[in-house]
Number of protein chains: 2
Amino acid sequence: MDYDRFKYCGLNVALDVLSGKWKPVILFHLFHEEEVRFTELWRNIPKVAKKVLLEQLKQMEEDGVIIREERNTFPPEVYYRISEKGKALGPALAALQNWATEHAAEEVAAMRAAKKVAL
Amino acid sequence: MDYDRFKYCGLNVALDVLSGKWKPVILFHLFHEEEVRFTELWRNIPKVAKKVLLEQLKQMEEDGVIIREERNTFPPEVYYRISEKGKALGPALAALQNWATEHAAEEVAAMRAAKKVAL
DNA sequence: TAACCTGTTCACTTTTTGGTAACCATGGAT
DNA sequence: ATCCATGGTTACCAAAAAGTGAACAGGTTA
């Protein structure tokens, strides 16, 4: 195991992209749904404030992990989807997920119980 | 690619463990040094407040990713090292690091330039 | 005795993040 | 005219995270 690659600078960049209360959930939806309309997303993630959801989406767009597409209809329709860069996060996210279920099962259960994130 | 495993609950647990301004750096040191004394760590991470470093270490200990060993000497010596659970984070961290260098090279460079994290 | 080192904690302050609720422009439906 | 839905912004507020500086107990050293 060659862990010399932990030039944690890159690690920090990656964590920066992921850090934000709702970003994991957003990614979850976007990984599953290919294309999600804003209001739809907003309704599927109960408890987020519109403003906050917008903020996180904007950050993620700036980070290049998602793509925002505005369609010229009325009422306006705005769709979000993952970019290639975003999809490339897949393995890393899976690895984290893996670690959690293998080494932190209790915490996962506790979190579920506390409903820190609802689905 | 089976991304059905993104039961983002686990993902959130993992990110929780990693989120904290100094945790990546701490991990970096602990992955490389086997055993680090508190003051030593504090001096190697310039700019952290002692209090904050202590906080992050305590959280990481509670999360079970590091181990705190207090030796009965005077003046007191406290050593930190990674636990097995912490070591198990290795692949996930490497994956994140990988993603950053492959898909976010510019951001990494920018961060280095901004000295958001110093080594 | 006084100054010192260590890991910790305390009392605050600042910064960052997240949340609430109102508002806007637009056009379609009632 | 009125109301609704959409995506977005604004002004304001609350909570969390990080930072500052001092203090502590304890024995060591000078």
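The basis for the numbers below is simple: all heavy atoms, side chains too, and nothing from hydrogens, waters or symmetry mates. First the proteins, then the strands, lettered A, B, ... as listed; each starts at 1.
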Point to revise | Proximal nucleotide (of D/dG27, D/dT6, C/dG19) relative to the A/P75 side chain | key: D/dT6

Looking at every strand, decide which applies to [X] at a 4.0 Å heavy-atom threshold: base, sugar-phosphate, or nothing.
X	value
B/Y79	nothing
B/E77	sugar-phosphate
B/R37	sugar-phosphate
B/K58	sugar-phosphate

Review point. Okay, side chain of B/W42, backbone of B/R37: is any donor-acceptor separation there less than 3.5 Å?
Key: no

Taking [atom1] from [X] and [atom2] from [N], how many angstroms apart are they, rounded to a whole number?
X	N	atom1	atom2	answer
A/I45	C/dG18	CD1	P	13 Å
B/W42	D/dG21	CH2	P	11 Å
A/N72	C/dA25	CG	P	19 Å
B/E70	D/dA25	CD	C1'	13 Å
A/K47	C/dG19	NZ	P	11 Å
B/L54	D/dT20	CG	C1'	15 Å
B/E40	C/dC5	CD	P	17 Å
B/F74	D/dT28	CZ	C1'	11 Å

Review point. Is there side-chain contact between B/I26 and B/L53, with at least one heavy-atom pair below 4.5 Å?
Key: yes

Practice item. Report yes if the side chains of B/L89 and B/I82 come closer than 4.5 Å at any heavy-atom pair, otherwise no. Key: no

Would you mind writing out the side-chain donor-acceptor pairs for residues 64-71 of chain A within the sub-3.5 Å range, not counting sequence neighbours?
unit_1: A/R68; atom_1: NH1; unit_2: A/E70; atom_2: OE1; d: 3.1
unit_1: A/R68; atom_1: NH2; unit_2: A/E70; atom_2: OE1; d: 3.1
unit_1: A/E69; atom_1: OE1; unit_2: A/R81; atom_2: NH1; d: 3.1
unit_1: A/R71; atom_1: NH2; unit_2: A/E35; atom_2: OE1; d: 3.3
unit_1: A/R71; atom_1: NH2; unit_2: A/E35; atom_2: OE2; d: 2.8

Point to revise | Minimal non-hydrogen separation, B/L93 against B/F31, with atom names | key: CD1-CE1, 3.8 Å

Exercise for review: Between A/V48 and B/Y80, name the one whose nearest nucleotide on DNA chain C is closer to the 5' end.
Suggested key: B/Y80

Point to revise | Derivation of the side-chain contact (heavy atoms from CB on, under 4.5 Å) call for A/F38 and A/L54 | key: CA-CA 9 Å; A/F38 174 77; A/L54 252 347; 3.6 Å; yes

Practice item. Answer yes when A/E62 and A/K58 have at least one side-chain N-carboxylate O distance shorter than 4.0 Å, and no when they do not. Key: no

Anything under 3.5 Å between a protein N or O and an N or O of nucleotides 10-18 of chain D, put it in a table, one pair a line.
unit_1: D/dA18; atom_1: OP1; unit_2: B/K21; atom_2: N; d: 2.7
unit_1: D/dA18; atom_1: OP2; unit_2: B/Q56; atom_2: NE2; d: 3.0

